[in-house]
Amino acid sequence: MKLKSRFLTLLLFAFSAVNTFAEGNQGLRPKLVVGIVVDQMRWDYLYRFYDEYTTRGFRRMLSEGYSFDNCQINYIPSVTSIGHTSAYTGSVPSIHGIAGNKFLLNGKLTYCTEDTTVQTVGSRSKAGLESPRNLLVTTIGDELKTATNWRSKVIGISFKDRAAILPAGHSADAAYWFDKKELCFITSTYYMSSLPSWVEDYNKEISRDVKKQKPVDTGKTLLAEPADIVQYSPYGNLIVKDMAKHAIAEERLGQRGETDMLCVSFSCTDIVGHAFGTHSELIHRMYVELDKQLADLFDYLDQTIGKGEYVAFLTADHGAANGILQNREHKIPSDGFYTNSEEEAVNKYLSGKYVGREHLVERIMDYKVVIDRNAAAGLDFDMLKADIADYFKKHPQVMYVVDLENISAASVPAYIREKIYNGYNRKRSGDIQLVLNPGVYGVGQEIGEGTTHGCWNPYDCHIPFVLMGRGVPHGSCPTEVHITDIAPTVCNLIKIQMPSGCIGTPRAMTVDR
């Protein structure tokens with residue numbers, strides 16, 4: 001009897017210890033992690049419209065949270081797919097494999113999240129043939145699920161497919177993006193065979209509501225098509241924000257006794273920026289309204305999860321150059337690099353040197369020259385690269401030309417060289433990197449009022465990194481940190497392992513004195 005009593009005592013002690021350990025682990029972490037990426041958000045947008053922001057959106061993050069004021073992208077090209085991936089993996093294209101919005105996969109130009117083995121779920125279009133399978137490493141969400149034995153839920157939501165899929169990672173419970181053709185949120189069979197009823201219900205609500213939206217006044221014309229209204233007005237970001245709120249409510253994110261993660265990306269800021277530029281009235285309106293939308297999201301999180309019970313972080317996938325026409329108006333050096341014309345010109349030059357060989361340059365992609373291996377068969381490849389380099393070294397808009405198989409030999413500043421190293425994936429990138437003069441960026445047929453991004457310069461690479469919530473002190477830091485530091489900093493804050501390809505550093509948040 002005494003032995004049985006001792007056994008029961010030990011059993012109760014063990015049970016209590018297990019419960020205490022479980023509760024202790026749960027207590028170490030917030031109930032919910034909310035990652036917010038604003039597409040094409042330059043760091044200075046935090047302050048350009050500061051006086052028009054509410055106290056509950058961007059300004060709340062700055063007044064309550066911690067801002068790393070000099071967060072830089074440490075690779076090129078600075079484009080959407082890479083930015084979202086690097087922020088959530090702590091890694092760079094040379095390691096995580098997402099080398100551009102499109103890159104070479106087995107020699108074929110491939111969209112970053114393209115996956116022909118899956119089907120669209122939620123519409124009849126092909127917009128759902130997507131998955132994270134081209135990503136080579138884990139994300140914050142993957143590591144969170146691993147840390148909790150896959151009890152955590154991880155969901156990605158965005159207007160753009162790549163901005164929902166890549167942040168959420170391989171083991172995500174769901175990723176939802178917007179089908180611009182059928183005007184609804186969709187996913188793919190990588191995640192599920194049919195949409196949850198709450199997503200279907202919200203899609204019906206969007207279908208009714210989009211018909212009530214006013215045309216978008218661009219200053220020159222009215223955009224009245226429903227797809228244009230969604231993309232070029234604050235309504236596009238609003239439906240993403242509301243989709244996030246529905247996910248929190250219906251999936252009970254942060255309300256199940258485990259730490260969950262929600263990855264939200266607002267894409268319409270990028271779409272408007274490309275079309276109308278960094279100083280357009282549409283961009284101004286977009287950010288003032290986005291601030292209100294973030295305020296509503298934070299209020300909802302306070303009510304549903306509890307203030308101080310969640311962690312939110314804000315960043316961007318890249319910035320944007322000020323427009324060429326605007327720069328010229330104010331005597332700032334700026335010009336366009338006509339990518340299509342340059343492809344034709346270099347091929348014409350090469351055909352004169354290599355008689356009978358046409359189209360040796362397959363394309364110029366993200367300021368990288370891609371040589372057509374079939375067209376170049378039998379040629380001295382190193383000599384061909386040298387000839388291409390000689391051509392572009394004489395180009396008035398090109399500052400440096402770098403052989404990507406021999407980056408260390410290039411006479412470029414160390415700061416730029418590191419970005420080239422980090423952005424070059426041997427199996428997925430091109431052959432020669434072009435570094436353009438500051439203020440010069442790729443354009444199509446003519447220079448317009450819009451803008452783009454992709455270069456090494458601060459206007460493309462200086463992005464916000466602000467954290468707010470549980471365990472985050474109030475303060476700021478002027479020291480340079482990198483987009484690759486975001487993931488390890490968040491992982492350190494929530495006490496999980498950093499992602500498998502992470503090269504970043506967990507950054508300390510020093511309290512202002």
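The chain is numbered in sequence order, starting from 1. Just so you know, these numbers use all the heavy atoms, side chains as well, and skip hydrogens, waters and symmetry mates.
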Problem set entry | Evaluation steps, side chain to side chain contact (heavy atoms under 4.5 Å, CB included), between E250 and V199 | CA-CA 9 Å; E250 301 296 338; V199 178; over 6 Å; no
For this session: Could you walk me through whether K160 and D317 pass salt bridge (Lys or Arg N to Asp or Glu O under 4.0 Å), step by step?
Result: CA-CA 12 Å; K160 291 182 180 178; D317 50 351; 5.4 Å; no
Problem set entry | side-chain hydrogen bond (donor to acceptor under 3.5 Å, both in side chains) between S265 and H84, intermediate numbers included | CA-CA 9 Å; S265 179; H84 283 85; 2.7 Å; yes
Exercise. Can D179 and F185 be said to form a side chain to side chain contact (heavy atoms under 4.5 Å, CB included), step by step?
Worked result: CA-CA 6 Å; D179 185 332; F185 280 99; over 6 Å; no
Problem set entry | Check against side-chain hydrogen bond (donor to acceptor under 3.5 Å, both in side chains), S86 and H96 | CA-CA 8 Å; S86 296; H96 62 55; 3.0 Å; yes
For this session: Evaluate side-chain hydrogen bond (donor to acceptor under 3.5 Å, both in side chains) for K241 paired with Q293, printing each intermediate quantity in order.
Result: CA-CA 7 Å; K241 180 265 295 182; Q293 292 156 5; over 6 Å; no
Exercise. Between L195 and T187, is a side chain to side chain contact (heavy atoms under 4.5 Å, CB included) present by the stated rule, with each step listed?
Worked result: CA-CA 8 Å; L195 289 178; T187 187; 3.8 Å; yes
Problem set entry | Worked verdict on D39 versus H318 for side-chain hydrogen bond (donor to acceptor under 3.5 Å, both in side chains) | CA-CA 7 Å; D39 203 321; H318 53 74; 3.1 Å; yes
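With Y459 contributing its side chain and G439 its backbone, the two residues share a donor-acceptor pair below 3.5 Å. Put simply, the side chain of H474 gets close to the backbone of G65: a donor and an acceptor are under 3.5 Å apart. One N or O on the side chain of Y367 and one on the backbone of G442 form a donor-acceptor pair closer than 3.5 Å. Checking side-chain atoms of S188 against main-chain N and O of E130 turns up a donor-acceptor pair under 3.5 Å. Looking only at distances, no side-chain donor or acceptor of T189 sits under 3.5 Å from a matching main-chain atom of M192. With S63 contributing its side chain and R60 its backbone, the two residues share a donor-acceptor pair below 3.5 Å. Side chain of T315 to backbone of P464: a donor-acceptor contact under 3.5 angstrom is found. At least one donor-acceptor pair under 3.5 Å links the side chain of K153 to the backbone N or O of E251.
Side-chain polar atoms of T278 and T451 form no donor-acceptor pair below 3.5 angstrom. If you check the side chains of N101 and T80, you find no donor sitting under 3.5 Å from an acceptor. Judged by distance alone, the side chains of N327 and E329 never bring a donor and an acceptor atom under 3.5 Å apart. Y111 and N134 form no side-chain donor-acceptor contact under 3.5 Å, judged by distance and modelled atom types alone. Side-chain contact annotation: H395 with E342, donor-acceptor N/O pair under 3.5 Å present. Side-chain atoms of D142 and T139 include a donor-acceptor pair closer than 3.5 Å. There is no side-chain donor-acceptor pair under 3.5 Å between H279 and H284. Inspection of the H359 and E343 side chains reveals no N or O donor paired with an N or O acceptor under 3.5 Å. Residues N425 and S94 have side chains that never bring a donor and an acceptor to within less than 3.5 angstrom of each other.
Checked for salt-bridge contact, D260 and K31 miss the test: no charged N lies under 4.0 Å from a carboxylate O. Electrostatic pairing of K292 and E289 counts as a salt bridge here, judged by a charged N lying under 4.0 Å from a carboxylate O. Here R59 does not pair with D291 in a salt bridge; the nearest charged N to carboxylate O distance is not below 4.0 Å. In this structure, R42 does not pair ionically with D460, as no charged nitrogen and carboxylate oxygen lie closer than 4.0 Å. Ion pairing of D299 with K307 is absent here, as no side-chain N (NZ or NE/NH1/NH2) approaches a carboxylate O to less than 4.0 Å. Under the 4.0 Å criterion applied to side-chain N and carboxylate O atoms, R328 and D335 are assigned as salt-bridge partners.
In this pair, W198 and Y176 present their aromatic rings perpendicular. The plane angle is above 60°, beyond the 30 to 60° band. Using cut-offs of 30° and 60° on the angle between ring planes, the pair Y53 and F58 is tilted. Using a 30° and 60° split on the angle between ring planes, F465 and F313 fall in the perpendicular class, above 60°. Taking the six-membered ring where the residue is Trp, H246 and Y202 present tilted rings, their angle falling between 30° and 60°.
Atoms CZ and CG, from F337 and N437 in turn, are 10.5 Å apart once rounded to the nearest 0.5 Å. Here the CZ atom belonging to F266 is positioned 16.0 Å from the CD atom belonging to Q40, to the nearest 0.5 angstrom. Within the model, atoms CG of D366 and NE2 of H453 stand 9.5 Å from one another, a figure rounded to the nearest 0.5 Å. Interatomic distance, CD of E480 versus NE2 of H462, reported as 9.0 Å (0.5 Å rounding).
Counting heavy atoms of neighbouring residues, nucleotides and ligands inside a 6.0 Å radius, atom CD of E225 does not exceed 12 of them. Heavy atoms from other residues, nucleotides or ligands lying under 6.0 Å from NZ of K180 number 12 at most.
Side-chain atoms of Q119 and Y190, non-hydrogen and from C-beta on, never get closer than 4.5 Å to each other. For the pair K220 and E449, the minimum side-chain heavy-atom distance is below 4.5 Å. Looking at Y75 and P93, their side chains come closer than 4.5 Å, going by heavy atoms from C-beta outward. Inter-residue side-chain proximity for D296 and K245 is flagged as met; some heavy-atom pair is nearer than 4.5 Å. No side-chain heavy atom of W177 sits less than 4.5 Å from a side-chain heavy atom of R162. Counting heavy atoms from C-beta on, the side chains of L467 and M61 never come closer than 4.5 Å. Under the 4.5 Å side-chain criterion, counting only non-hydrogen atoms from C-beta, Y338 is not in contact with Q445. Contact of the T339 side chain with the R363 side chain is not registered, since no non-hydrogen atoms from C-beta on lie closer than 4.5 Å.
The shortest non-hydrogen separation linking V466 to S67 is CG2-OG, 3.9 Å. A87 approaches I140 most closely through the heavy-atom pair O-CD1, 4.3 Å. Nearest heavy atoms, G504 versus P488: C-CG, 3.6 Å. Scanning both residues, Y441 and L436, for their nearest heavy atoms gives CA-CD1, 4.2 Å. Here the closest non-hydrogen pair linking M286 and C268 is CE-O, 3.8 Å. Nearest heavy atom pair, residue E182 against residue S123, reads OE1-CB, 3.4 Å.
Two rings, from F298 and Y300, have their centers 6.0 Å or more apart.
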